[in-house]
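Remarks on the structure that follows.
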Amino acid sequence: MSRSVDVTQNGSVKNVSSANSMAELEEYDFSRLPDRPKTLNIERQRSCDERSLTDLPLCYSPQPPSRPDSYFRIFDNIDGLNSPGRRSGYNTPRSLFGCEPNPMISEAWEHLRRSLVYFRDQPVGTIAALDNSDEKLNYDQVFVRDFVPSALAFLMNGEPEIVKNFILKTLRLQSWEKKIDRFQLGEGVMPASFKVLHDPVRNTETLIADFGESAIGRVAPVDSGFWWIILLRAFTKSTGDSSLAEMPECQKGMRLILSLCLSEGFDTFPTLLCADGCSMIDRRMGVYGYPIEIQALFFMALRCALVLLKQDAEGKDFTEKIVKRLHALTYHMRNYFWIDMKHLNDIYRFKTEEYSHTAVNKFNIMPDSLPEWIFEFMPTHGGYFLGNVGPSNMDFRWFCLGNCIAILSSLATAEQSTAIMDLIDSRWEELIGDMPVKVCYPAIEGHEWRIITGCDPKNTRWSYHNGGSWPVLLWFLTAACIKTGRPQIARRAIDLAESRLAKDGWPEYYDGKRGRFIGKQARRHQTWSIAGYLVAKMMLEDPSHLGMVALEDDKQLRPVLRRSASWTN
């Protein structure tokens, strides 16, 4: 049974009896929101500097799209960047700088607009894929994580209303009663996806949300709430409008999400314990435990919440909890998840079965568990955050999304961020190949594949989540490249994508060790493949957009790193 909601005359939300059907749901009237946004209060006492773009030492004038790499290094204060309010120019599709129309960009915008989903004449998101096959599965739904690149594209193009509608609509869905069989989920859980059902007889529209009860494996999406907070902050940064984030409903929604993550329990680590399939990798792939994607998104969402939460009594209480958790999480991740040549050698020499607080091998990692490929894969200069770290478990696979978010959120130090980019540059054939970017590396196969995936026919080696190449990851890579002053890496990757992506029909993913083949079950006209490309192009053309999705290092949250002797000597 789903709980419905109503709207009071002043636009606030109230609950209606759960006995009401979803068809009777009175949805939010977006016209009641203020026409003119309030000015963002940039004087808040926050650890992140909120200077505007005009405060930067250099001013910007129209230049040719091909810019020197030094252009990207002026963004030392990432959190002070505000995206320009004007349209990016890709809507036309003529560039800001007077270039000839780009037919690939024109096509991408056309597909993106065709993917828009409307609820009562309001655009509320984009469907996962404009797929013409008979078997739609859930690709005709609006996914929270999938909509993020679409939202960024619309924000960069000066169309924030679509994003506002999405934020408010998913916020309303959060208040619904969420049950799987006879078990009720936490109040703060955000939906994985939703769809609009049209009743031509009654001439009504109804929203149907999926909180995991229909998902493969019946796993609730841990990442949806984090993406919602991150997107709310991106909206605020892009528009300079804090009125949406300051709405009581949005403040409550954030607190409910944070309550799920900051509650006390049996955990001995500041990381979040998760089930397989709770994020982008939504099938069994051996990422249960403490996956890097969730930990990096958790870290970024906490930092975004610090900026967005009002400093009333409830907000101050959560702020204190967030700061404490960030201190512990930063220390844990930078100490125990990071690996480079030196740390690999330390693990190689670990002793086991140590007891007491003086133990060097704190997680009792067996050196014999080191995979053979890691010794050749690890470059002399370079490093990355491990896929997972827990009791007697280290997942040495490289995961693109988690490492890029670590750079964007400044979970990674400046040195670590540089090392991640060095790794990508030196292992280009393995991580980028013919189509960017590998979701993880390497693929698991043989007996290991049978045990870890349960013989999943979709996640065979070098396919889908098991080492497949996902074009959507292009925008993560581009943002990380700009933040680290390495735009040439992004340009090279975008050039590769442009050589095939549109001609191949914008597939969801590519298969093969180098990503040469369209995925065997990949949907065409995948919306986040299209939006990811647009965001990467717009961000590379106008790096001020980076401020929407990047945070600079907060020195107040930086812990003193003291590792045991084996890790520091």
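Only this structure's heavy atoms are used, side chains among them; waters, hydrogens and symmetry mates stay out.
The closest side-chain heavy-atom distance from Leu244 to Leu232 is below 4.5 Å. In this structure, the side chains of Gln526 and Asp146 come closer than 4.5 Å at one or more pairs of heavy atoms.
Taking the ring axis of Phe318 as reference, the NZ or CZ atom of Lys321 stays within 45° of it and closer than 6.0 Å to the ring centre.
Annotation for Ile127 and Thr527: closest pair O-OG1, 2.6 Å, computed over non-hydrogen atoms. Between Pro471 and Glu508 the shortest heavy-atom distance is CD-O, 3.5 Å. Contact record, Pro507 with Ser529: O-OG, 2.8 Å, taken as the closest heavy-atom pair. Considering all non-hydrogen atoms of both residues, Pro543 and Ile482 come closest at CB-CG2, 4.0 Å.
The side chain to side chain contact (heavy atoms under 4.5 Å, CB included) test with Val148 is passed by exactly one of Phe166, Trp475, Trp228, Trp528: Trp475.
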Exercise. Would Val196 and Leu207 count as a side chain to side chain contact (heavy atoms under 4.5 Å, CB included) if you check the C-alpha gap in whole Å, the side-chain angles of each, and the deciding distance to 0.1 Å?
Worked result: CA-CA 5 Å; Val196 179; Leu207 287 180; 3.6 Å; yes

For this session: Might you work through the side chain to side chain contact (heavy atoms under 4.5 Å, CB included) test for Lys164 and Phe235, ending with a clear yes or no?
Result: CA-CA 8 Å; Lys164 179 190 287 186; Phe235 176 90; 3.8 Å; yes

Exercise. Please walk me through it: do Leu309 and Leu306 pass side chain to side chain contact (heavy atoms under 4.5 Å, CB included)?
Worked result: CA-CA 6 Å; Leu309 283 171; Leu306 271 182; over 6 Å; no

Problem set entry | side chain to side chain contact (heavy atoms under 4.5 Å, CB included) assessment of Ile405 paired with Leu411 | CA-CA 8 Å; Ile405 291 292; Leu411 171 59; over 6 Å; no

For this session: With side chain to side chain donor-acceptor pair (under 3.5 Å) as the test, would you mind laying out the steps for Asp504 and Tyr510 before giving the verdict?
Result: CA-CA 10 Å; Asp504 291 341; Tyr510 286 77; 2.8 Å; yes

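Atom OG of Ser499 and atom CG of Leu496 lie 5.5 Å apart (nearest 0.5 Å). Atoms CG and CD, from Asn102 and Glu107 in turn, are 10.0 Å apart once rounded to the nearest 0.5 Å. Between the CZ atom of Phe517 and the CG atom of Asp511 there is a distance of 9.0 Å, given to the nearest 0.5 Å. The distance from atom CG of Leu297 to atom OG of Ser224, rounded to the nearest 0.5 Å, is 10.5 Å. Remark: Cys278 SG to Ile294 CD1 distance equals 4.0 Å, nearest 0.5 Å. Taking CG from Asp223 and CZ from Phe143, the interatomic distance works out to 11.0 Å, rounded to the nearest 0.5 Å.
The pair Glu498-Lys537 meets the salt-bridge criterion, since a charged nitrogen lies less than 4.0 angstrom from a carboxylate oxygen. Under the 4.0 Å criterion applied to side-chain N and carboxylate O atoms, Arg145 and Glu293 are not assigned as salt-bridge partners. Salt bridge status for Asp456 with Arg284: absent, with no side-chain N to carboxylate O gap under 4.0 Å. Between Lys252 and Glu249, none of the side-chain N atoms (NZ, or NE/NH1/NH2) sits under 4.0 Å from a carboxylate O, so this pair counts as no salt bridge.
Counted within 6.0 Å of CG on Asp121, heavy atoms from surrounding residues, nucleotides or ligands total 12 or fewer; the atom is thus considered open. The number of heavy atoms from other shown groups lying within 6.0 Å of CG (Asn203) does not exceed 12. The 12-atom threshold is not exceeded at CZ of Arg461, counting heavy atoms of other residues, nucleotides or ligands nearer than 6.0 Å. Heavy atoms from other residues, nucleotides or ligands lying under 6.0 Å from CG of Asp181 number 12 at most.
Ring orientation note: the planes of Tyr533 and Trp506 are tilted relative to one another, at an angle of 30° to 60°. By the 30° and 60° cut-offs, the orientation of the rings of His465 relative to Trp470 is parallel.
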Identify every side-chain donor-acceptor pair in residues 213-220 under 3.5 Å, counting partners at least two apart or on other chains, and give the distances.
from	atom 1	to	atom 2	distance (Å)
Glu213	OE1	Phe211	N	2.8
Arg218	NE	Glu213	O	2.7
Arg218	NH1	Ala215	O	2.6

